[in-house]
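Below: one structure, written as structure tokens.
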Amino acid sequence: MNIEEAQKLADKAFENPETAIDAIIKEELGIDKEELGGSAWEAAIASFVLFAIGAIIPLYPFMILDGKNAIFLSIGSSVVGLFGIGAAITLLTGKKIMFSGFRQVAFGLTAAAITYGIGALIGVSLAS
């Protein structure tokens with residue numbers, strides 16, 4: 001196809017913004033919208049359930065223990081949960097399990113340390 005024909009084809013494809021976006025998604029990203037399935041409601045419900053499960057992991061130790069035992073179990077559970085999430089991400093990224101697992105642990109613990117630091121700065125404490 002010569003340059004003029006290609007330009008005409010591109011102009012035709014981008015006349016309608018919806019078809020232009022579909023073409024870019026399919027050609028540049030290799031994603032077929034028809035294969036994705038699902039709905040916004042399904043995505044929202046799945047996101048809520050997974051977020052709730054993720055939030056329970058560091059909190060459940062405080063329901064069964066108190067003091068330092070709860071804190072240590074919370075940290076351990078969080079590390080295991082973060083590693084599991086990082087390992088699961090390899091299904092999408094194709095990276096090595098150990099790399100992704102420990103990377104997720106590092107990010108999670110960094111976020112926890114920052115949160116702890118902010119709490120310490122404003123005077124929040126786990127001790128009652």
Side-chain angles (χ1 to χ4, degrees):
M1 171 180 309
N2 66 36
I3 294 175
E4 289 176 11
E5 290 174 351
Q7 187 62 48
K8 286 179 185 177
L9 185 60
D11 290 341
K12 180 74 174 165
F14 287 93
E15 283 177 352
N16 180 345
E18 184 66 29
T19 58
I21 291 171
D22 289 346
I24 290 171
I25 290 171
K26 188 170 186 175
E27 297 302 322
E28 295 294 325
L29 301 176
I31 298 172
D32 186 0
K33 285 175 44 175
E34 301 301 320
E35 290 179 6
L36 292 177
S39 71
W41 278 106
E42 288 173 354
I45 291 167
S47 179
F48 173 78
V49 169
L50 293 172
F51 185 82
I53 290 169
I56 289 170
I57 292 172
L59 296 179
Y60 85 87
F62 295 94
M63 296 177 203
I64 58 175
L65 299 171
D66 59 359
K68 289 185 180 181
N69 290 333
I71 292 171
F72 291 137
L73 183 57
S74 177
I75 292 169
S77 299
S78 296
V79 167
V80 170
L82 287 165
F83 187 87
I85 291 167
I89 289 171
T90 63
L91 297 173
L92 302 173
T93 64
K95 300 222 184 235
K96 295 187 182 208
I97 289 175
M98 296 304 279
F99 171 79
S100 293
F102 283 121
R103 180 174 179 255
Q104 190 71 25
V105 169
F107 286 145
L109 292 180
T110 300
I114 291 169
T115 303
Y116 176 83
I118 292 169
L121 282 174
I122 61 174
V124 176
S125 172
L126 288 176
S128 48

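When reading the values below, keep in mind they use all heavy atoms of this one structure, side chains included, and skip hydrogens, waters and symmetry mates. Model, not experiment: these values are computed from the prediction.
Between the CE atom in Met98 and the OG1 atom in Thr90 there is a gap of 11.5 Å [rounded to 0.5 Å]. Rounding to the nearest 0.5 angstrom, the gap separating the CG atom in Leu50 from the CD1 atom in Ile45 is 12.0 Å. We find the CD1-CZ distance between Ile56 and Phe51 to be 11.0 Å, quoted to the nearest 0.5 Å.
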If you look only at distance, which donor and acceptor atoms sit under 3.5 Å apart when one is on a side chain in residues 104-113 and the other is two or more places apart or in another chain?
residue: Thr110; atom: OG1; partner: Ala106; partner atom: O; Å: 2.7

For residues 75-88, dump all side-chain donor-acceptor pairs below 3.5 Å to protein atoms at least two apart in sequence or in another chain.
residue: Ser77; atom: OG; partner: Tyr60; partner atom: OH; Å: 2.8
residue: Ser77; atom: OG; partner: Leu73; partner atom: O; Å: 2.9
residue: Ser78; atom: OG; partner: Ser74; partner atom: O; Å: 2.8

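Residue Ile64 places its CD1 atom among more than 12 non-hydrogen atoms of other residues, nucleotides or ligands, all under 6.0 Å distant. Counted within 6.0 Å of CG on Asn16, heavy atoms from surrounding residues, nucleotides or ligands total more than 12; the atom is thus considered enclosed.
Side-chain contacts under 4.5 Å among hydrophobic residues (ILVMFWY), followed directly or transitively, place Met1 together with Leu9.
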